[in-house]
Amino acid sequence: MQGRKDYTEKLFISFQLSNRVPKENLYRRLRKTLDLSFLYKDTKELYGNTGNPSIDPVVFFKLLLTGYLENITSDRKLLEHCGMRMDVLYFLGFDIDEDLPWHSTISRTRQLYPTSLFETLFSKVFALCVNSGMVSGHTQAIDSAPIKANASMESVVLKVPATSVESHLKKVSEENPETTKNQDVTTSSVTVTAPEHHLKRVEKHHQNLRDNRVGAVGASHEKAQLLSNKTHYNPHDPDARISVKPGKARKLNYHCSMAVDSAEGVISHIQADFADGRDSQYLTNISLQVQNRLKKNEHVMTDLLADAGYSNGSNYKFLEQRKITGWIPVFGRYKHEIEGFPYNKEKDEYTCPMNKPLPFTSFYTNKDGAVMKNYWASTKDCKACPMKSSCAPNIACRKITRTIYDEQYLRAYSRQQTKRGKQMKKLRQSTVEPVFGSLTQFYGLRKIGVLGKLGAHKVMLMAAIAFNLKKYLKKGGRKPSSGIFEAAIESFQSCQVIFRANILNILNAYHFS
Ligand code: SF4
């Protein structure tokens, strides 16, 4: 017979939320695993003793976690979603007839809580992963990606001095009487806030863009192409910076740096930075933070994997001093040797094809602040040389400029050429890149929904916590030792049941016989 289900709303029902959520449900297991009780103590100082009670800190963090696990970036949508999910309500500790907090409470509480609280939670979840044997510690892979900020390119404005133009001009001429004495300083010349050589680079870049109009959709927009962080900013979110990746449109972004353990892909560190910085300038901070976190969990980092964006002489030196082997390919412009000019380490000099020496003569700091070493041939040798027109065409004698970190670069280059170097490159690609893909596609990190670098850092930490927690639960979600212990208890209990059943059978048989 065909069945037909009619819906009649009941006034009173007999219902228990815990009965409707299966044992293997992610949120049920999460509720059992995650102990957030420390939050009450850590947030006590942030509240007064009078007034209406605030949102429960545990509920707040559970709501945020649910957002990243469900890939929802809007607080309003998150609360709508949570209200319709019985398993999430059970995780949050709300019954089906209880109202969830108002969405603006989430935003205000996110601003109220310090970054250190989010970091404490991240470290606790990381420790859970370490205790369950998911972290090797010795090999960490780092990488970065731009994450879209909650700000539009359409609303960027020109940077202006903090004071009025007249007072700024007066201050500049007072501070630099010699330089400004004979100059006709116009209003437009003080509206930008960058050194002259940076502006020249920007202008050269703009000229290149005008001459070669190619790029992805959006990047070809004239307004987008000619905007620079040196001259423009977004007043809605001044921390968001214009950045672009090859083949992608120019956007206002934050820079997300992440370290991932090579064993099971657990995130060991994540941080938000300004998007106009280079990868290489963040390596020192990332390494120190990862080392400290691993040290607290009784692990030691010995190998660090990164791409050529992190290649930098001072970074190589720093890693060597910390006894970490850096598997970082040297960047494309670095030449490990100068063809026809062998180097003599003992004498610290080069020898040219005409067998003339180019000894070290002086140090030199370039416009970016990097310290270089100059090696000069003698004017007398070069003047009489038949190769001068090809070797030193527009200069009196040949000069070679090398970085002061040449030895560190050479060691990194040699490592990169070995079989292990190639294996490490593959390991880096398979460790950190998929994690970035997962975070942006499935853990709500496609866009930063909040304003400011600190807000972006909290968002990144929560996405990483959700990622690590899910990984932890997939792996069993408990310590291997306690797992064995519980398995033993379960088998003992099942033996007890069988034993009791056998005794009852025997007794029944005896009674009826
Ligand atoms: S030009 Fe000077 S440095 Fe170059 S090959 Fe001749 S002597 Fe050597």
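We use all heavy atoms of the structure for the numbers below, so side chains are in, but hydrogens, waters and symmetry mates are not. What you see is a predicted model; the values in this text were computed from it and never measured. Each ligand, and each atom within it, is numbered from 1 in the order the structure gives.
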Does a side-chain heavy-atom distance below 4.5 Å link Tyr375 with Lys373?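 Tyr375 vs Lys373: side chains touch.
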
- Query: Is Leu39 close to Tyr113 at the side-chain level, that is, under 4.5 Å between some pair of heavy atoms?
  - Reply: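 No, too far: nothing below the 4.5 Å cut-off.
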
**Asked** Can you say whether the rings of Tyr350 and Tyr343 are parallel (under 30°), tilted (30 to 60°) or perpendicular (over 60°)?
**Response**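 Rings of Tyr350 and Tyr343: tilted, 30 to 60°.
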
Review point. Of Ser389, Cys382, Ala377, which has the heavy atom at the shortest distance from atom 2 (Fe) of ligand 1?
Key: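 That would be Cys382.
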
Is it true that some N/O/S atom of Cys391, main chain or side chain, lies under 2.8 Å from atom 4 (Fe) of ligand 1?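 So Cys391 does bind atom 4 (Fe) of ligand 1 by this criterion.
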
Original post:
Donor-acceptor pair, Gln281 side chain versus Arg278 backbone, under 3.5 Å?
Top reply: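 Pair found, side chain donor or acceptor close to backbone of Arg278.
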
Tell me which protein heavy atom sits closest to atom 3 (S) of ligand 1, plus the residue, atom name and distance to 0.1 Å.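 For atom 3 (S) of ligand 1, the nearest protein heavy atom comes out as Arg398 CB, 3.5 Å.
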
ask   = In terms of residue, atom name and distance, what is the protein heavy atom nearest to atom 6 (Fe) of ligand 1?
value =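 Checking every protein heavy atom, the shortest distance to atom 6 (Fe) of ligand 1 gives Cys385 SG, 2.3 Å.
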
Item checked: Salt bridge present between Asp75 and Arg110 (N-O < 4.0 angstrom) ->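 Arg110 and Asp75: salt-bridged.
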
Which bit of Ala392 gets closer than 4.0 Å to ligand 1, counting heavy atoms only: side chain, backbone, both or neither?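 Answer for Ala392: neither.
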
Met354 heavy atoms, cut-off 4.0 Å: which ligand 1 atoms fall inside?
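Taking each heavy atom of Met354 in turn, ligand 1 has 5 (S), 6 (Fe) under 4.0 Å.
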
*With a cut-off of 2.8 Å, does any N, O or S atom of Cys352 fall short of it relative to atom 6 (Fe) of ligand 1?*
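So Cys352 does not bind atom 6 (Fe) of ligand 1 by this criterion.
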
If you take the centroid of each ring, where Trp contributes its six-membered ring, are Phe274 and Tyr254 closer together than 6.0 Å?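 When the ring centroids of Tyr254 and Phe274 are compared, they turn out to be at least 6.0 Å apart.
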
